[in-house]
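Below is one structure, written out as structure tokens, with a few remarks after it.
No hydrogens, no waters, no symmetry mates; every other heavy atom, side chains included, goes into these values. As the structure is a computational prediction, the values presented were derived from the model and not from experiment.
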Amino acid sequence: MRVVLLHANAGSAASWSRVGPALGDRYQVFALDLRGHGASVRAPIGSYGLRKAADDVVSFLTALGVEEPMLVGHSWGAAVALVTATGAESEQLPPTVSSLVLEDPPVMMSPKLQREQINDLIKAIALPEIELREILAMVHPSWHPDDVDSLLEGFRYADPAIVESLVRDGSCTGSLLPLLGQLTVRTLLIRANPLRGGLWSDEEWAHARRILPACCTTVELHNASHDVHRSQFNQFIQAVREFAEI
């Protein structure tokens, strides 16, 4: 099986520095720098809609001949994975994917609803690295040093204007709940604790579980922050491996 990893807003392929090797002993793993992030091309502001990012993923799969991959996305990357797999807002048939892992995706991209998260990201990007390390050590004392490094690596290349643009542009897609209801591929939807920054309220989570097709599985990691693969690394890897082997 081939696995394609898609990072969050202000992240990069480095976000998966521990996940990649942990899955690489069983699968062929690719981690992408999505548009405007890491070492990727900086598309113009206003060009960061979910469909645009999904088209980049499709182009990557086509160029490298990656067939029937498992797409694993975190936050914005999970939204991109969902749009890629469903073919939303595209006249073309979606690529054939074997399965999806959606790590705490947004319910919808919304500058209004995500204003606090956007502001926090922009403030964090502007901080000197040594200061940000100190804050992370206080807020996330259990994080592995490599996960701290991988977060800082993404922030090092992050552009505040792109951080805002991808949320604003992505809002055109509207609520992602209908797309969850349209899924025809095996999907693992992972929820972080909303009291620790998770994006799903209890009501939204209950609604998602009602509309998800039978091919979908849900997991709640109650001790996980929004960065599930960092805050609960072992549980995340176990959940992904168990799901992949079904």
Side-chain angles (χ1 to χ4, degrees), residues 4-9 32 34-35 46-61 68-118 163-194 197-221 224 226 228 239-240 243 246:
V4 178
L5 306 174
L6 307 175
H7 62 77
N9 192 358
L32 307 189
L34 294 172
R35 63 168 50 203
S47 303
Y48 290 89
L50 292 172
R51 184 66 254 166
K52 292 285 189 181
D55 286 342
D56 292 342
V57 175
V58 174
S59 295
F60 167 81
L61 299 177
E68 299 187 5
M70 178 168 72
L71 300 182
V72 179
H74 172 223
S75 194
W76 175 55
V80 173
L82 180 59
V83 169
T84 302
T86 58
E89 303 176 283
S90 175
E91 297 180 358
Q92 306 298 319
L93 290 174
T96 302
V97 301
S98 65
S99 52
L100 294 178
V101 176
L102 307 177
E103 177 191 349
D104 210 41
V107 179
M108 70 178 298
M109 305 292 291
S110 167
K112 182 178 180 179
L113 295 177
Q114 295 177 250
R115 175 49 52 192
E116 184 176 350
Q117 292 96 327
I118 295 170
V163 167
E164 289 229 38
S165 183
L166 73 83
V167 177
R168 183 174 59 251
D169 300 347
S171 67
C172 296
T173 300
S175 173
L176 299 181
L177 286 171
L179 298 186
L180 290 174
Q182 297 168 20
L183 284 167
T184 58
V185 299
R186 294 178 55 250
T187 299
L188 174 63
L189 177 61
I190 301 175
R191 182 197 189 196
N193 189 334
L199 300 183
W200 289 76
S201 69
D202 290 343
E203 293 77 14
E204 291 164 339
W205 185 248
H207 180 67
R209 296 188 68 190
R210 284 196 300 270
I211 66 171
L212 280 169
C215 59
C216 301
T217 303
T218 61
V219 171
E220 294 182 75
L221 296 179
H226 176 57
V228 178
V240 173
F243 171 73
I246 295 174

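- Inter-residue side-chain proximity for L113 and V107 is flagged as unmet; no heavy-atom pair is nearer than 4.5 Å.
- Comment: R191 engages D202 in a salt bridge, judged by a side-chain N to carboxylate O separation of less than 4.0 angstrom.
- Between the side chain of T218 and the backbone N or O of C216 there is no donor-acceptor pair closer than 3.5 Å.
- The pair K52-D56 fails the salt-bridge criterion, with no side-chain N (NZ, NE, NH1 or NH2) lying under 4.0 Å from an Asp/Glu carboxylate O.
- The closest side-chain heavy-atom distance from L50 to L176 is below 4.5 Å.
- Side-chain contact between R51 and S90: present, with at least one pair of heavy atoms (C-beta onward) separated by less than 4.5 Å.
- No side-chain donor-acceptor contact under 3.5 Å links W200 to the backbone of A206.
- Remark: L100 CG to L183 CG distance equals 6.0 Å, nearest 0.5 Å.
- Residue R209 qualifies as open at atom CZ: its count of foreign heavy atoms under 6.0 Å is 12 or below.
- Applying side-chain contact (heavy atoms from CB on, under 4.5 Å) to L102 and the options I190, V72, L180 leaves one that passes, L180.
- The backbone N or O of A192 lies less than 3.5 Å from no partner atom in the side chain of H226, so there is not a single donor-acceptor pair.
- In this structure, the side chain to side chain contact (heavy atoms under 4.5 Å, CB included) partners of Q117, at least two apart in sequence or on a different chain, are Q114, L199.
- Distance CG/L71 to CG/L61: 6.5 Å, rounded to 0.5 Å.
- Looking only at distances, a side-chain donor or acceptor of S98 sits under 3.5 Å from a matching main-chain atom of P69.
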